[in-house]
Structure formats: C-alpha cells, structure tokens
**Student:** 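Let me begin by handing over the structure; questions about it come next.
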There are 2 protein chains.
Amino acid sequence: MADRQDGARERLIEGTRELLWDRGYVGTSPTAIWRASGVGQGSMYHHFQGKPDLALAAERRAAQAMQQQVRESFAREGSAYERISEYLLRERDALRGCPIGRLIADPEIAADERLREPVRETFAVLHACLTSVIEEGKAAGEFDAGIDAEQTASALSAVFQGGYTLARAEASTGPFEQAIAGALALLRRSMPASH
Amino acid sequence: MADRQDGARERLIEGTRELLWDRGYVGTSPTAIWRASGVGQGSMYHHFQGKPDLALAAERRAAQAMQQQVRESFAREGSAYERISEYLLRERDALRGCPIGRLIADPEIAADERLREPVRETFAVLHACLTSVIEEGKAAGEFDAGIDAEQTASALSAVFQGGYTLARAEASTGPFEQAIAGALALLRRSMPASH
DNA sequence: GTCTATACGGCGATAGAC
DNA sequence: GTCTATCGCCGTATAGAC
C-alpha cells in the first residue's frame, strides 16, 4: 500500500471517513472536509477530483478496516459459537452507528454503482465468514444440521445492523446489546445439549 | 383527526414524508418539498414555520401509519408464531428502506429530542407488541419458557431494520428476505415439537 | 391563503498566483 | 503542492403585495 509519504492526502481520507460516518454523504461538504482535515482547499482539490472521489477513497479505507476486523474475529481459536459471539460482542460505539452500514442509507451512494461497491463487498465478506463458520459448526456437530447457514448468517448480520438503528432511536446502547443477546440466545437453541 | 379541509397542508405533509423517506432530513430541502407537493412557497411558509416543523408533522404521520400496521398485524387471529411471521413477512419495499428507521440515521434527527421522539415511540410500540405476543406464546406452551421475551423482541426488530440495510447494499431484496427467513427459522427452534 | 421578490450564507468547484 | 479569489447555484428563509 501507499506509505505515509503524503500527509495531506492521508488526513483528507481520514477526515472524510469520520464525516461520512457521522453525517453521511449528502451531509458532508467539501468545505467541512478540508476544515476537519486541517488542509487547505487548494490542497484538497489537488489530491482529489471532487466529492465523489474523496468519498470513494474514504469508503475504501473504512471497508478495509471493517473487513479486517471481521477476518480477525473469525480467524481466532475457538468453537464456531465462540467465534460468532466474539464478533458480535466486540466493543463498538453503538450510538455512532456502523461506519459502513450508515453509508447505504444515502440515496446518492445507493444509486451510484461505484460508491455502493465498498459497502456491498464488506457485507459480502461478513456474510461469507458467518456462513462458513456456521457450516463448520454444523460439520462439527456443534449446530443442528437442520439450520440453513446462509439464512442464519443473513439474520445475524441484520441483527447487527438493525441494532444500531434501535440504539440510536432510544439514544441508548441498551437495545443494541439486547438485540445481540437475543440473537445469540436463539442461536444457542440450535446447539445440541452436549455443547 | 383533522379532516381534509386543508389541501395544501395535507399535500405538504405527504410530500415531506415521501422526501424524508427517500432522502433523509439533510437531503430534503424546503424548495424540494413545495415543488413535490404542488404548492407555492408562500403557502408552505404560511402553513409551517420551517423545515423542522414540516419534518415533525411528516414524521408523526409516518409514525402513526407504521404503528397502525404493527397493531393490525398483532391483533389478528392465530398463534403467536403466526402473528409474528405475519408482521415480518408483510409486503414491503425492502429497497426503499423503513420510512421510520431511515430517519434516525440522520444526525440532525438523532440529536433533536423532538424530531427523534416519533421514531423512538414507534420502535417502542413494535417492541411492546413483539414482547407481549412472545409472552403469550410462552404462556400457551408454544415457545420454550427459557426464551427471554424482551431480548427476542429486540432481536426480531433488529433483523427487520438490518434487513433493509443489507438489501440496499446488494441492491436486491434477497438479503432482506433471507434475514427474515433465518430469524423465523431460529425462532421455530424455540418451539416444542408439538407446535 | 397564496404569490413574487429579495436576502445571505453555504455548497461544490475552478482559476491562477506563489 | 498549497494559497486566495472568484463563481454560479441552491438552501432556508423573510417581506410585503394581492
């Protein structure tokens, strides 16, 4: 990857990432970006062509980060259930929302193939990791053979994203934690008593 | 409620509701509202004080509609599981997102007590309905006594909201349907064989 | 109630100097 | 590479006539 040769470019990506996370694409102005990044306007337009270009770079950065976290959690030691719960219970700022999931609420991101791609890819990675760990669990007799790995993976991903929504609506992390706990409790019911 | 005496006011509320649903609060301009509503600008500012006022009226309208749908589904005949699945499988435009859940992604709505309230209230109603139907199911022996009604209700609400996110990311309703199906499948595993 | 006119700041970008 | 100046348009109203 590109080394830290370029301070301004780097700071712009990080600044954009933070703003997109909190305010979304429509809510983020180029002016806010260079101010938040501590960079001059001219400098910003030297490094990036404009707002979509900035957003794409920031999205790719955020997508990389989340995909790495996902892979880390699922690469750990432990039973299938342990790895799943490790990921779901990982420390998070539930009130801030998901840095990736937040983006797709914006129509300008949803409608643009290029801007949507990092989001799509990240959820695909999460879904693939969940599916394969559930399959492993089934093969090991940890989960009932009757559960559908793909469907269950989708349900778990969704609980996760939806948890953020519920938490923000209550202005409390409680609903997020409760939703995760509920999902894990349901999942445990697909485990034979021996586990 | 107020009758259809006031065409302009009514059309403004509906227009705002549509725009908020698709574009969120930051993405919705007063100009877009009066244009979409087929109303003059002066007329709009006669009926409403400004953007927050318009948004609040539209949010309340949307909240009423969703709460009514929720209550309808859970008031039906049928077992607890049937009523839950009736609601979850109800016809929806998954790619458009939830008209209520969409709002809370916006920082200006999340940060404003008044604008957040209709969202909070609506999810509270959904959660209460789910919780009580699960309790009924437990009492009737339909669900295992071991499941926590509140947690499970949170998990189901979250699957729902998260399903929209996943669907938009893929630009397909598939992930939404798969997540719902996965959640219902897990729920069925908390039902004794007799049901 | 509805209309048109006006205002001021911010958005998103370009130009050209240094 | 970075800076300042400038641009045209839009967002979010307010004012006052009809």
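Sequence lines set the chain letters: A, B, ... in the order given, protein chains first and strands last, and positions in each chain run from 1.
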**Student:** In whole angstroms, how far is the P atom of dT12(D) from the CD atom of Q49(B)?
**Tutor:** 16 Å
**Student:** Using heavy-atom distances to pick each residue's nearest nucleotide on DNA chain C, tell me which of G42(A) and A32(A) is more 5'.
**Tutor:** A32(A)
**Student:** Does NZ or CZ of R90(B) lie under 6.0 Å from the centre of the six-membered ring of F176(B), at an angle within 45° of the ring axis?
**Tutor:** no
**Student:** Within this structure, what is the CZ-to-P distance between R9(A) and dT2(D), rounded to whole angstrom?
**Tutor:** 12 Å
**Student:** With heavy-atom distances below 4.5 Å as the criterion, would you say the side chains of M191(A) and E142(A) are in contact?
**Tutor:** yes
**Student:** With the side chain of T31(B) defined as its heavy atoms from C-beta on, choose the nearest nucleotide among dG12(C), dT12(D), dA13(C).
**Tutor:** dT12(D)
**Student:** Consider the side chain of P30(B), meaning its heavy atoms from C-beta on, and name the nucleotide among dT12(D), dT2(C), dT2(D) that approaches it most closely.
**Tutor:** dT12(D)
**Student:** With the side chain counted from C-beta on, respond yes when T16(B) and F48(B) share a heavy-atom pair under 4.5 Å apart, and no when they do not.
**Tutor:** no
**Student:** Between dT12(D), dC3(C), dT14(C), which one does the side chain of Y45(A) approach most closely?
**Tutor:** dT14(C)
**Student:** Hey, is the side chain of H47(B) poking within less than 4.0 Å of OP1 or OP2 on dT2(C), counting only N and O atoms?
**Tutor:** yes
**Student:** Between L54(A) and I13(A), is there shared hydrophobic-cluster membership here, with clusters defined by ILVMFWY side-chain heavy atoms closer than 4.5 Å?
**Tutor:** yes
**Student:** Using heavy atoms to find the nearest nucleotide of DNA chain D for H46(A) and Q41(A) separately, return the residue whose nucleotide is more 5′.
**Tutor:** H46(A)
**Student:** Have a look at S29(B) and say if it touches a base, only the backbone sugar-phosphate, or nothing, with a 4.0 Å heavy-atom cut-off.
**Tutor:** sugar-phosphate
